[in-house]
Amino acid sequence: WTLLPRCVTSIGYFKSSRLSFSRFQQVVQLDYRPGIAFTMAKSYSSFLKDTAYVGGQWVSAASGETFQVTNPASGEVLGSVPDMNAGDATKAIRTAYDAFQSWKETTAKERSLLLRRWYELMVESKESLAELLTVENGKPVTESLGEVNYAATFLEWFAEEARRTYGDTIPAPVKSKRIVVIHQPVGVAAMITPWNFPYAMVTRKAGAALAAGCTVVLKPSEETPLTTLAMVELAHRAGIPAGVFNIVTCSRKHVEQVGKAMCTDPLVAKISFTGSTAVGKTLLKWGADTVKKASMELGGHAPFVVFDSADVDAAVHGAMMSKFRYMGQTCVCANRFLVQEGIHDAFCTKLAAAMEEQLKVGDGLDKGNTQGPLINTRAVEKVESQISDAVSKGASVMTGGKRHALGGTFFQPTLLTGVTTDMLCTQQETFGPVAPVIKFKTEEEAVTIANSANVGLAGYFYSNNMSQIWRVAERMEVGMVGVNEGMVSMVEAPFGGVKESGIGVEGSKYGIHEYLNVKYICFGGI
C-alpha cells in the first residue's frame with residue numbers, strides 16, 4: 001500500500017474534491033463530491049481475484065479478455081476479471097460433468113462435512129467479506145455483515161440437510177412386490193446469480209446443489225464477480241473437490257452467449273436463476289429443447305397493505321425495514337404501499353418522519369450511513385423516470401425525490417403520496433428507494449390492487465383483525481406473506497413466488513429437492 005500525502009487509512013470525510021491513492025499496485029484518481037467517505041481497506045485483499053475458477057484451477061478467459069469491476073459509491077476500479085465466452089462456459093460444463101461422475105458417489109456425510117467447513121471459513125472471514133461486498137455493490141457495511149451471516153446459514157443448513165434426503169417405502173398392492181423410492185442428484189446445475197445478494201444467492205443455490213450431490217457451473221452478475229470469487233476461494237480452502245464448483249465470469253458483452261450455452265448444453269440437467277422475469281422467460285425457452293429441470297426466482301412487485309386496525313407505529317417500522325433495506329434493491333421489498341383511508345395521513349406523516357430521521361445517505365463503509373448508492377446509472381434513471389411519471393399524473397413528493405447532493409448514483413429516499421394505479425411506480429418493480437402510497441377504502445379494493453400484478457413473490461400487510469388476517473393472507477396471490485412483519489426471509493422457510501415470479505423454491509427443507517430426481521424401484525418375485 002503506497003499512500004499519497006493527502007490520503008488516510010481509515011474512513012473519513014474529505015473537504016477537497018479530489019482523492020488520489022495507490023491500491024493494488026496502481027494509482028487511481030477519483031473525482032467525488034465533498035462528504036463522501038472512503039476507506040483504504042486491507043482486510044479483504046486476500047480474497048481479491050483476477051481469474052475465474054474451473055476444475056479447481058484459477059483460469060483466464062481463452063481469449064485473454066477482461067473487464068473492470070468498480071465501486072458504485074466512488075467509481076474506483078476494484079480490479080479486473082476474465083470476460084469469458086460460450087466456449088469457456090462449455091469447457092466449464094464439461095469439467096463439471098466429469099466431476100459429477102465421482103461427486104455423486106460421495107456419501108451424504110462426506111458432502112455434509114465439506115459444506116460445514118465452508119460455513120466455518122465464511123464465519124471466520126465475515127468482516128473481510130462484508131467489506132468486500134460493500135465496496136463492490138454499495139450496500140451499507142452493517143447490512144453487508146448481515147448478508148454474510150445470512151448467506152453462511154445456508155451452508156450450515158444444507159450441510160445438515162444433505163443427510164436428510166430420505167426415501168420412502170410404499171405398501172405394494174400385491175404380496176410379491178416391494179416399492180421403494182429413492183432420491184438421486186440431477187447432475188450438472190447451471191446457475192446465474194444477481195448482484196443484490198451475491199453471497200446469499202451463491203450459498204442458497206450452490207449449497208443445496210452440492211449437498212444433493214450435484215456439481216455446479218455458476219455465472220455471477222457482471223456487477224459483483226469479486227464477491228462470488230471470494231466465496232469460491234473459501235470453498236477451495238474447505239476442500240471442495242476440483243470440478244465440483246466452477247465459476248464463469250463475463251461482461252454484458254458476452255452474457256447472452258454464455259447464458260445460452262449454459263441453458264442449451266445437453267450436459268446440463270438443471271438451471272437455477274435469480275433475476276428479472278423477462279430474462280427468466282428467455283432462459284426457460286433456451287432450456288426447453290433439452291427439457292431441463294428449472295428453478296426461477298424472478299421479479300417481484302410486493303404490496304404492503306396497512307389496514308385501519310393496524311398498529312401504525314409497527315407498520316411504519318415494518319415499512320422502513322421492507323422498503324429501504326439495501327436502498328430498495330431487493331426482490332421482496334415493498335414496492336406498492338396501500339394504506340386505508342382512516343389511518344392514511346397518520347401513516348404517511350410518521351413514515352416521512354422516520355425516513356428523515358433514520359435514513360442517512362453516503363458511502364457504505366461509514367457505519368453511520370444506512371443508504372448507499374444505487375448499483376449503476378441505469379438504476380438511477382429508472383427511479384427518476386418513475387418519480388417524474390408519478391408527479392406528472394398528480395402524485396406529490398412528501399420527502400426526497402431527487403438525486404443526492406453526493407452525486408454519482410446516490411439518490412434521496414423518496415415518499416410519494418396521492419399515487420394512483422395508472423402510474424409506472426405501481427406497475428413496474430422499482431428496485432430503488434421510492435415508497436409510493438395509494439389510499440384505499442375497503443379490504444376488497446386493497447386485495448384487488450395487490451393481486452393486479454402479473455408477478456407474486458412477496459406481500460405484506462398490517463392488521464389486528466384476526467378474521468381479516470386469515471382472509472387476506474389466504475387471498476394474497478404471492479408465495480410469501482408477511483403478517484405484521486416486514487422481513488420474511490430466513491433459511492428455515494421456503495423462498496419462492498407464484499405467477500410470473502418464478503418456479504420452485506429455495507432454502508428450507510424443500511430447497512434441496514430442487515436438485516434431486518425421484519426414482520421408483522420395484523422389487524418383484526418376493
Side-chain angles (χ1 to χ4, degrees), residues 10-19 30-39 41 70-76 130-131 133-147 195-197 223-224 316-317 319-330 333-335 337 348 350-388 390-391 397-416 425 430-437 486:
S10 62
I11 297 171
Y13 288 92
F14 296 88
K15 295 181 179 179
S16 63
S17 61
R18 194 165 186 83
L19 171 67
L30 294 179
D31 290 311
Y32 65 95
R33 297 290 182 88
I36 293 182
F38 291 93
T39 182
T70 59
N71 180 339
S74 64
E76 170 197 352
E131 191 173 58
L133 176 57
T134 292
V135 299
E136 190 174 36
N137 85 347
K139 187 171 294 188
V141 71
T142 302
E143 281 194 33
S144 293
L145 186 59
E147 182 184 337
W195 47 262
N196 58 343
F197 287 91
E223 304 284 359
T224 54
V316 168
H317 177 71
M320 292 291 289
M321 289 194 300
S322 179
K323 175 71 258 185
F324 296 107
R325 182 166 61 114
Y326 190 34
M327 296 77 73
Q329 297 178 117
T330 78
C333 79
N335 212 63
F337 287 86
C348 291
K350 290 187 175 185
L351 180 58
M355 290 170 60
E356 293 175 358
E357 178 183 348
Q358 299 174 27
L359 302 181
K360 183 178 179 182
V361 179
D363 189 285
L365 287 173
D366 184 338
K367 293 183 179 180
N369 293 328
T370 64
Q371 303 287 287
L374 298 186
I375 190 65
N376 53 39
T377 56
R378 295 187 302 278
V380 175
E381 290 165 358
K382 183 177 184 180
V383 168
E384 284 185 319
S385 70
Q386 287 195 1
I387 294 172
S388 176
V391 171
V397 177
M398 195 163 182
T399 185
K402 300 177 181 179
R403 296 192 185 211
H404 198 275
L406 292 174
T409 59
F410 291 95
F411 204 91
Q412 296 175 347
T414 300
L415 177 60
L416 298 175
C425 59
T430 302
F431 247 60
V434 180
V437 180

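As the structure is a prediction and not an experimental result, all values here were calculated from the model.
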Query raised in the report: Is the shortest heavy-atom distance from the side chain of His404 to the side chain of Pro373 under 4.5 Å?
Result: no
Requested in this report: Can you spot which of Gln371, Met327, Arg325, Lys367 makes a side-chain contact (heavy atoms from CB on, under 4.5 Å) with Pro140?
Outcome: Met327
Report task. Specify the closest pair of heavy atoms between Phe197 and Glu147, including all atoms of both residues, with the distance to one decimal. Result -> C-OE2, 3.1 Å
Query - Heavy-atom side-chain proximity of Thr370 to Gln358 below 4.5 angstrom - result: no
Report task. List for me each residue that meets side-chain hydrogen bond (donor to acceptor under 3.5 Å, both in side chains) alongside Asn196, sequence neighbours excluded, and say none if there are none. Result -> none
Report summary line: Shortest non-hydrogen pair, Pro413 vs Leu359, comes out as CB-CD1, 3.6 Å
**Report entry** Side chain proximity check, Gln412 to Val361, heavy atoms < 4.5 angstrom
**Finding:** no
Report task. Please round to the nearest 0.5 Å and tell me the distance separating atom CD1 of Ile387 and atom OG1 of Thr430. Result -> 9.0 Å
Query - With Glu381 via side-chain hydrogen bond (donor to acceptor under 3.5 Å, both in side chains) - residues at least two apart - result: none
Requested in this report: Write down the atom of Phe324, the atom of Pro433, and the distance for their closest heavy-atom approach.
Outcome: CE2-O, 3.8 Å
Query - Heavy-atom side-chain contact between Val397 and Leu415 under 4.5 Å - result: no
Query raised in the report: What is the minimum heavy-atom distance between Ser322 and Gly486, and which atoms define it?
Result: CB-O, 3.3 Å
Query raised in the report: Do the non-hydrogen side-chain atoms of Pro72 and Leu374 ever get within less than 4.5 Å of each other?
Result: no
Query raised in the report: Given side chains that start at C-beta, do those of Lys323 and Phe337 come closer than 4.5 Å, heavy atoms only?
Result: yes
Requested in this report: Could you list the residues that satisfy ring pair (Phe, Tyr, Trp, His ring centres under 6.0 Å) with Phe411, not counting sequence neighbours?
Outcome: none
Report summary line: Leu416 and Val434 have their tightest heavy-atom pair at CD1-CG1, 3.9 Å
Requested in this report: Would you mind telling me which of Thr142, Val141, Asn137 makes a side-chain contact (heavy atoms from CB on, under 4.5 Å) with Lys139?
Outcome: Asn137
Report summary line: Interatomic distance, OG1@Thr134 vs CG@Asn369, rounded to 0.5 Å, equals 11.0 Å
Requested in this report: State, to 0.1 Å, how close Glu356 and Thr399 come at their nearest heavy-atom pair, and which atoms those are.
Outcome: OE2-OG1, 3.2 Å
Query raised in the report: Would a 4.5 Å heavy-atom cut-off, applied to side chains only, mark Ile375 and Tyr326 as touching?
Result: yes
Report summary line: Rounding to 0.5 Å, atoms CD (Glu223) and OG1 (Thr70) come to a distance of 7.0 Å
**Report entry** Any side-chain heavy-atom pair of Thr414 and Lys402 under 4.5 Å
**Finding:** no
